[in-house]
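For reference, the structure is listed below as structure tokens.
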Protein chains: 2
Amino acid sequence: MNIRTLCLGILQFDDATGYEINKLVADGRFSHFIEASYGSIYPALTKMMQEKLVTCRTEIQPGKPSRKIYAITPAGQEELFRALEDTPRPNRFKSEFLFLGLFANMLPADLMEKAFTHHENELMTLVEDMQDHCNHCDNPGSKFAIGYGIAANKAALEYLRQNKHLLLESDPAEPVSTDVTKEPSHE
Amino acid sequence: MNIRTLCLGILQFDDATGYEINKLVADGRFSHFIEASYGSIYPALTKMMQEKLVTCRTEIQPGKPSRKIYAITPAGQEELFRALEDTPRPNRFKSEFLFLGLFANMLPADLMEKAFTHHENELMTLVEDMQDHCNHCDNPGSKFAIGYGIAANKAALEYLRQNKHLLLESDPAEPVSTDVTKEPSHE
DNA sequence: CTGCTATATATCATATCTATATATAGCGCG
DNA sequence: CGCGCTATATATAGATATGATATATAGCAG
């Protein structure tokens, strides 16, 4: 699945400008599926217009750049549904925060604590935004997707809260097990 | 955070060849942090060798391409820990499966069902592999990361199972049963 | 003995991202 | 009232990364 399919999919729901598509992919309702940015969206739209997969009407705005509003054509829909038949690629999850965690014992404690706090806030905000968004959403596919995201991120958040002590060597006050034979004093 | 930092981070734990780094990033212990592939790893290593951030010793194998084993230098460690001070970028999660879900009501039911089954199996395998991996893992940072992944993906899997009916046009009406016993249908 | 997988380096064409240029409007702030 | 900031809107250059392939050999299954 590529940028073309993403754009066609968005246009299948509603006509849009390149600017609007970018917003939807960066922040909005289409931000959890496929990555894209200006540099790929505008060329994709231009090319698909040449191939008659989309049409474009120009809305002149006095004093502002004209809005080029794209709409999907029947040929575009064919291409879209053809592409959707391919087995979707596996989910992609990448976390720089977790990468940082690999080096927890080699880094200053305050740096790690700052990172944990930051990440926790990030997850909280994300879950709240998604829950908010979920309420103002009627499309069942979107609702399902957001629900999926809420479930996964809530679980991650809970895991984070319950296990951060494993990397924040902070609370030795409450040792988990008393019959450990090995001295954990190394490093 | 970029490919350079990723490579330095891997080499911080152990010397490795470009081939091995690629394996670790594609499949292995370092597959949940930052994306990379041959085309970016080899050039990064070459450049970092010129900059003395890594060293390279060549191990000649008769009949096979020589192994170029890279090791991090003190300057490389400095660069690594410098880079780790930057606030990690937010987690990235992208799912083509969820994108497909947006069009559930426009696509053939069997296509959607196939996609759901496939995705469910994918998640199951992933969770199992991670649990397996978690047991044979001593590094606390790695353990934490895998635990995080297990928590999130288990929640996603559970959500999937409990909500797939929302997109699989559940026909909750009793279908083909000629038997009118009260036995709840299951399959 | 053929095909497949694994080891191992390397690069090319293509795709994509990041950052910027251009232009205007509106808003808050001192 | 101007200053900076944000938002709207298109577009692209340059840097970066991906995906596929080339090269070469070994081991294993059928």
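Just so we're on the same page: letters track the sequence lines, and every chain starts at 1.
- Closest to the side chain of B/Lys68, from the set C/dT9, D/dA11, D/dA17, is C/dT9.
- Distance from the side chain of B/Glu35 is smallest to D/dT18 among C/dT16, D/dT18, C/dT18.
- Proximity note for A/Asn2 (side chain, C-beta onward) versus C/dT11, D/dT8, C/dT16: the nearest is C/dT16.
- Between the B/Lys52 side chain and the B/Gly76 main chain, no donor and acceptor come within less than 3.5 Å of each other.
- Contact between the side-chain N/O atoms of A/Gln61 and the OP1/OP2 oxygens of D/dA9 is found at a separation under 4.0 Å.
- Mapping A/Tyr38 and B/Lys47 onto DNA chain D via the closest heavy atom, the residue that lands nearer the 5' end is A/Tyr38.
- When each of B/Arg92 and B/Ser40 is assigned the nucleotide of DNA chain C bearing its nearest heavy atom, the one mapping closer to the 5' terminus is B/Ser40.
- Of the side-chain N and O atoms in B/Thr17, none sit less than 4.0 angstrom from OP1 or OP2 of C/dA8.
- Residue A/Ile3 places its side chain closer to C/dC17 than to any other of C/dT18, D/dT18, C/dC17.
- Within the 4.0 angstrom heavy-atom criterion, base atoms lie near A/Gly39.
- The nucleotide whose nearest atom lies closest to any side-chain atom of B/Tyr19 is, among D/dG19, C/dA6, D/dA7, C/dA6.
- Side-chain contact annotation: A/Asn91 with A/Tyr148, donor-acceptor N/O pair under 3.5 Å present.
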| field | salt bridge (Lys or Arg N to Asp or Glu O under 4.0 Å) between A/Arg4 and A/Glu79, intermediate numbers included | value | CA-CA 9 Å; A/Arg4 290 162 66 91; A/Glu79 165 105 351; 3.5 Å; yes
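- OP1 and OP2 of C/dA8 both lie 4.0 Å or more from every side-chain N or O belonging to B/Lys23.
- At a threshold of 4.0 angstrom between heavy atoms, the contacts of A/Thr46 with the nucleic acid are absent.
- Counting only heavy atoms from C-beta on, A/Tyr42 has its side chain closest to D/dA9 among C/dA8, D/dT18, D/dA9.
- For the residue pair A/Asn2 and A/Thr5, the shortest heavy atom distance occurs at OD1-OG1, 2.8 Å.
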